[in-house]
Amino acid sequence: MATLSEGRLAVAMFEEPAALKPWHVKLRDMARKQPVGVAGAIIVVLMVLMAIFADIVTPYDPLLNSYEYMLAPPDGNYIFGTDMLGRDVYSRIVYGARTALFVGFASAAVGGILGLILGVSSAYFGGLFDLIFQRVMDVFMAFPLVIMALAVVSILGTGTENVILAIIVPFVPRCARVVRSSALQIREIPYIDAAKACGFGHARIILRHMAPNVMAPFLIMITAFVGQAILTEASLSYLGLGVQEPTPAWGLMLQGGAEEFAESAPWVAVFPGLAITLAVFGFNLFGDALRDVLDPRLRSSQ
Amino acid sequence: MNDIATSHRGTVSDDVLISVDGLKMHFPVTEGVVLRRVVAHVKAVDGINFEIRRGETLGLVGESGCGKTTTGRCILQLERPTAGSILFEGRELSGLKGDELRAIRRRIQVIFQDPYSSLNPRLKIGEIIGEPIRVHGLIPDKAKRDQRVRELLAVCGLNPAFADRYPHEMSGGQRQRVGIARALGLEPDFIVCDEAVSALDVSIQAQVINLLEDLRDEFDLTYLFISHDLSVVRHICHRVAVMYLGKMVELAETDELFDNPKHPYTRALLEAVPIPDPVIEQARAHQIIKGEIPSPINPPSGCVFHPRCDIVVEGCPKAVPAFREVKPGHWVACTEV
Amino acid sequence: MALLEIDELKTQFFTSAGTVLAVDGISYTVEEGETVAVVGESGCGKSVSALSILRLVADPPGRIVGGRIGFMGRNLLELSDREIREVRGRHIGIIFQEPMTSLNPVLSIGTQLTETVVHHLGYSEQKAASRALELMEMVGISDPPRRLEQYPHHLSGGMRQRVMIAMALACEPKLIIADEPTTALDVTIQAQILELMKNLTRELGVAMIIITHNLGVVARYADRVNVMYAGKIIETGTAEDVYHRPRHPYTLALLNSVPRVDQQRSAKLDPVEGQPPDLTRLDGSCSFRPRCRFAQEECAQAFPELAYVGDGHRAACFRSQEIAAGLEQVA
Amino acid sequence: SAEEPKQGGVLRIVVGSKIPSYDGHRESTFGMIHPIRPFYSLLIRVNPDDPQSSNFICDLCEGDVPTATNDGKTYTFKIRQGAEFHDGTPLTAHDIVATYNKIVFPPEGILSNRVSRFAMVEKISAPDDFTVQFDLKYASPGFMPMVATPFNFVYAKKDLERVDPEGKDPQYGMKWHQNNINGTGAFSFVEHQPGSHVLGKRHEKYHHEGKPYLDGFKAISAPKMSVRIQAIRGGRADIEFRGFPPKSRDDLVKALGDDITVQESAWNCTFGYAGNQTKPLFQDKRVRQAMTLALDRWGASNYLSKIAIVKTVGGLALPGHPLATDEATLKTYYGYWPDIEKSREKARELLKEAGAEGASFKIWNRAVDQPYKVVGTWMLDQWKQVGLNVEQVVVPTGPWYAGLRDPDAFDVAIWPSCQSVVNPIVDAGAWISKERAADNRGYYTDPVLDEWYDQMNREGDPAKQAELYRKFEKRVLHDEAHFGQVLWWHKINPHRSFVKGWKIAPSHYLNQSLDQVWLDVPDEERKQRTMDELGG
Amino acid sequence: MYKYVIKRLLLLIPTLFGAAVLVFLLLRAVPGDVCQLRLGGGGEWIDPVALEQCKIQLGLNDPLHLQLVDFLASFFTFNFGESMWTGRPVAFEIGLRFELSLQIAIMATLVSIIVAIPLGTISAIKQNTWIDYLVRTISIAGIAIPSFWLGIIIILGLLITTQAWTGTPWMPPIDYRPLWEDPGYNLSMLIWPAVATGYRYSAVATRMTRSALLEVLREDYVRTARAKGLLEKMIINRHALRNSLLPVVTIIGIEFAFLMGGLVVTEQVFNLNGIGKLFVESVTNQDYVMTQSLVMLVVTIFVLVNLVVDILYAVLDPRIRYS
Ligand SMILES: Nc1ncnc2c1ncn2[C@@H]1O[C@H](COP(=O)(O)OP(=O)(O)OP(=O)(O)O)[C@@H](O)[C@H]1O
Ligand SMILES: Nc1ncnc2c1ncn2[C@@H]1O[C@H](COP(=O)(O)OP(=O)(O)OP(=O)(O)O)[C@@H](O)[C@H]1O
Ligand SMILES: [Mg+2]
Ligand SMILES: [Mg+2]
């Protein structure tokens, strides 16, 4: 009965689905609906560009000490002034963006992916695995960050990679928990049953069918977490547990003297502080808007 | 048997494809966080028997929560039944593992109720239909597989160009066709249609019903057609089983069941369905069944229907009525018929 | 004078995808004590037209852009916010589709039931409580005092819908709008609820607009039927007229596409092929034209008037006369 | 001076470190000296009127500080009569003997932090109730400075002999002072809120006539430098005794003008580094010499002193001390040449010779700003300028110390050493062979140094001693360049101008009895302070 | 309900046990020990004999597994031992600081609730208007500003402005007096850190209130309430807010638990003698006993606060019943 399908086809052919909007129109729509989020996105993009083209946009080597210009106030030469070793604050902030973004993205990516896989698996398998996993996560969630950071830093030494590790450890359970709760809902949706009914293996279902579907909460989490990681890095550096001199890093710039002469040489403390605030601000604005856009429960009815 | 295989419902052969015997599915109700104690059971399916013959469409009707979906899921091996056996071509399904299970899964497919949630929103239509074909190694070659996907789309009345679309770019009816195409891709023998048309608008619903019928004839399929819509069931099924609270209360050939219902519940059910004809409706005496469906955790004793039954007798709360054949091919679980 | 007179009501949604003409100039009246049904496919504007009566359409993105809704001598669309609030719940009650989500999960049934009478009629707490008891009995809920203290999640779907009915009736309104009151319920419960609503409206002389896509429900309960398609009413008349003498091809097709539980299967269904139109992309032509097997040149030019085809029976089709004359010839 | 001290009031001190226990004999941090020292007296102490000199005067002894008899092997102290402990017990020579016996010969299980440094002591005895006699095994110029160490709080014999009321701990008395305070100091203990403050009030029976001037003192714990600075500025504290960075001094003066008085002094803390000689790179003398040559000490003395608490260029002994090397000699040592360009040229040359151009190593530094991280970062920059490839590893204090003890852990260690009483001879013990000096951070063995050190310690004649010291120093800094002395610390104490009577010492451990301090504020304010802190 | 509470409390045991083992191992993995720090922390020369003595006394030379058993035994018998740094009982040391930490946590919570709920509500009601943008910007800024930096700015701001206005610079007290002894002094000290942390905290809660309310405002029952002709005020207060409070309560709870143990940086900036400062000190001092006890305290608080939140859930939402 080949004619049969042909016949049906004839009917169906003219059904044209609603036209898809080109991306620039979508972008414009988003800009109109989420002006705040777009502002955040702009900040983030500027930061990324700044980090990538740091060599081009900075007048000085961020590591260059010039003892004749120690704590020079902002002027034509040094637009944000110099720090106590005579290094250009502006250049250090620009290069600091590299550190901040590296720490932020790396820890969000690594921690996020780990949390994603753990969270989805936990939800998917359920049962005893889930139960034990949950208890372990409880411990990690309740465990204070300082101890964790201090231990990691003391055991492995300071430095960017270890700071990332110290930030990841508490992030994984948080991420896993958020992912798990969405994944629990996803697990109940028929397309997962459909995948099972098609005879797919566990790994395929977890990675291909479940994980991509918790992307919305995951991405929201991740963007917010990039901001948080930057902030945590700054706080750790401020406590002396983070990135180390002479690496240009924002938290580090606020530490060690910046505070003591915050009044007579405010530029040393103000600009890095603003940089941190602005960066975290940007990521959070962006993440917030992303939440409004991606989270179907919050999507304004249209 | 061939006498029921009226021309417009397709042909039914004599050999039994699926046979369900004494199927029970009790979901434990647990309490406690660490030591999960089982405090009760939801008796979702509580001992049902039926057979489906090759080429046949068996309707499974009943109100919400009576265990229709659970029955379907047990056959699909998505749940591990508490008791009972499910034979597919005479082979026991429960207990199958690994490759054997995968092989069986290819032959038993499912179409879900909700066209919105049964398609993975992250995958393109082409991937949704093509992936199972690839995983089961039916068509390893990518180009040929794509060709097959297009064919399947066409067979289901969809534009083959839809392969590059995402589910959200399609209407509900179109998505339901994609779900059907996915199931067909594995060249199954048997398809569980769990409320496959309930979520669709009347006009779209009719399109899909026709499609299902056409496919049944074209590919020699067997359906378990789960629905709460009695009119649709009457239209498409060869035989119909009525469930109530995890039990089967009546099973008969379609027209026999609808024209000559025996069980008081079946009768009440039919009574409750409004008929789209004001004249007939005006003439109908509306005997509305009283009460609500009891909880499957604590089903009533004896005949589970007795608290709502209008012909209840003394013995009803005491003994579980046997599911017996009152007429050839007409089974009822009631002592009073 | 009719209780409710809707005249050329237009409600639109302004979205990024374009303007949705959800309700595109519908007119109908509801007499006192009468039950009027609105049927049509999903998305054709049934709910929006009902919400528009009480001006409950979310703004943004929705807005009532034109028309008139006369109710007890006043145009509801011209009332101030305070005045329309007095109409809501007080003179017009409304029952929604989803009994599961339409009740506030954290407030007791009693609170939700009494707040309307306290608010609108200024009842004291005691008086309100006894009114609540009365209402609960009226809608057939057993053991009302206990039920009043319970929360929605303690109740089954049917019970909740009874509570919704009680709430709608609390201030003895003149009109009740029921938006698919039983779609989410089982057939047996659906029958119970519909029967209850019918009896109550008869007893209390309340008019009712019942919105549904179930043609059987309409046949059983409605005095008059409005068939909607793509934001417009395309056929209206008594139930018998519409079911037995359909004059619009859509109504006709709709009736043909439902299987019947009371008749043996005779042939395959005859569905309306194609999809409903996109409400953002309507041109001035007949919106059913792409799916219509009677379509002809003329249909692309303008939308046909809702014209009389019989006593109190109107249809919006250029070929309704021919359809009446005999379907075979036309097709 | 001409000013007449005024009686009364409470002095508020901010302290940047924590109190481990009240027992000075076992502790070594200024965090307990500043709040606890005022409760105790010493046998002898640095002259509070001239703390810069290396002169000691009697505290609990009477008359002049005794000189050695018996070929320098016996010291006899006359003990002051009428001194009284806060609990009313009169002080006798037996208390002193019991105290020093605990410090020098602690019983098994009792910690004393200075046992090894008192190695020359043979016996301590009390010929009568008011005489104490120290018999030494050999004459040692390091002895009297050790006696004057400000941690040697004098305890009452009866307290040291206390028995455990529960009868469990036989050494109860010896440990009693860890958690209890009973001294003869200018102030008696009122309260200690751990982590917050220590409060003391005037000891009426104090043995120095008319002192103390204050009604009490309050030592408030404030671990953060910026808080301490702001506290002085915002009137929450009057003085801090450890030292502020130069920039903060300038800020305070700018903000408060005449209300702030600044005292400054060279500080008896070296700041240096050592290459770990278990690692091949630093076994080459030329590399070590190149490293010291690369440091621009004279320049740094100018500019680093504007931001860090280091300033003085010097050798192994605190500049100003009789044993310190004169500047001319110093300028001939590697790394002290006045012409830094020439010096760096030489450094590059030596590195080339040693085949260590562009060598890489890491500085093992402590996570403390002042002066560690500031100077460490500067050193890194200096070494980079001669082509070395340097990184810095900064770790918290605990792991830092642990790392210093593990020769596998680090390449180049920051090696500071802070001592209380200026005592270059004894302190030189840090730079002898690793087998003898547990805190040798260069992990080198140098028998020559060991020999000279021993000679120096037993040498009675100051001239010969100085000669030995010079040889020792030249070998450490120049010939072998085992140790790189960078800059001496510089102590800056800005305080409220109304705090009078306190004079800066070359160590933050010294001159902390507070008995000379008084407040030059109106009478009502002094009363008010007493009311506020001590409640009338 | 009480059964549920007991069950939850029992559940604390595995969590605490896990945390105990974790902290134990982490601490021992850090090189160095408390003795070196005590004896040589000032940079002074350390007597090796004394060092060994100290280690023996504190049991640091015992085999690890014995130390672990000791620690677990002491912990689960509520005998927490003495601080390795000060020798005083851990319970006493923590007790001293607890009051201050609790007071700040409560004050900050009050500040945040007072700010967050009205702001979040307004922001949700006026979604996508300039008020909403403003509130969101302010609240996101609260999350973005590093708390230590904010602290520094507050203190400096106080110093500078008071000097400009009164001539004498003023800063908040740096030593603690209990509220009932000297309320003026106490508040003038603690209000600043409470505001500094409360701002961040309220920012989090504001965002949560807003999004939760937005979600609830789209619920069917809000439409039902509108259809009843209720006043908008009643709809928000009675129907919407209570439902949206649930996630807000969670956030407030989590933040409260966090404040109780984690005000590490703020306590430093304002020189507060609280748990956070003790934490950092004991960690840097490598005071195992103290650190272990503090971790257990923080974990316990975390778990208990979570329990309280869950109970509050049941109070706010009748659908949730624990049995
Ligand atoms: N995984 C499960 N755990 C516990 N109870 C379950 C589970 N799945 C189903 N149930 C219960 O089993 C009973 C039967 O459910 P089932 O889904 O089979 O009913 P159904 O007839 O398909 O109803 P519907 O018409 O609503 O789809 C219901 O009471 C349901 O609550
Ligand atoms: N908030 C909204 N924003 C944009 N479009 C809307 C909104 N609400 C409804 N619409 C559109 O208005 C049209 C009519 O919707 P309405 O809810 O009235 O349909 P309905 O006939 O009640 O359908 P159903 O049977 O599914 O309830 C639909 O096309 C829908 O997409
Ligand atoms: Mg089902
Ligand atoms: Mg609707």
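Naming: A, B, ... by sequence-line order, numbering from 1 per chain. As a basis for the values below, the full set of heavy atoms in this structure was taken, side chains included, without hydrogen atoms, waters or symmetry mates. Because the structure is a prediction, the values reported are computed rather than measured.
For chain A, the nearby part of B:Leu119 is the backbone; its heavy atoms alone come within less than 4.5 Å. Neither the backbone nor the side chain of B:Gln113 comes within contact range of chain A; no heavy atom of the residue lies under 4.5 Å from a heavy atom of that chain. Heavy atoms closer than 4.5 Å to chain A are found in the side chain of B:Arg134, but not in its backbone. For B:Asn120, the parts lying near chain A are the backbone and the side chain together; criterion is any non-hydrogen pair under 4.5 Å. For chain A, the nearby part of B:Leu123 is the side chain; its heavy atoms alone come within less than 4.5 Å.
In terms of heavy-atom pairs under 4.5 angstrom with chain A, the leader among B:Gln77, B:Arg182, B:Glu151 is B:Arg182. The most heavy-atom pairs under 4.5 Å with chain A, out of B:Ile111, B:Leu186, B:Ile108, B:Leu78, come from B:Leu78.
The number of heavy-atom neighbours closer than 6.0 Å to CZ of A:Phe133, taken from other residues, nucleotides and ligands shown, is above 12. Counting non-hydrogen atoms of other residues, nucleotides and ligands closer than 6.0 Å to CZ of B:Phe27 gives a total above 12.
Within residues 188-208 of chain A, the residues having any heavy atom less than 4.5 Å from a heavy atom of chain B are, in residue-number order, A:Ile189, A:Pro190, A:Tyr191, A:Asp193, A:Ala194, A:Lys196, A:Ala197, A:Cys198, A:Gly199, A:Phe200, A:Arg204, A:Arg208.
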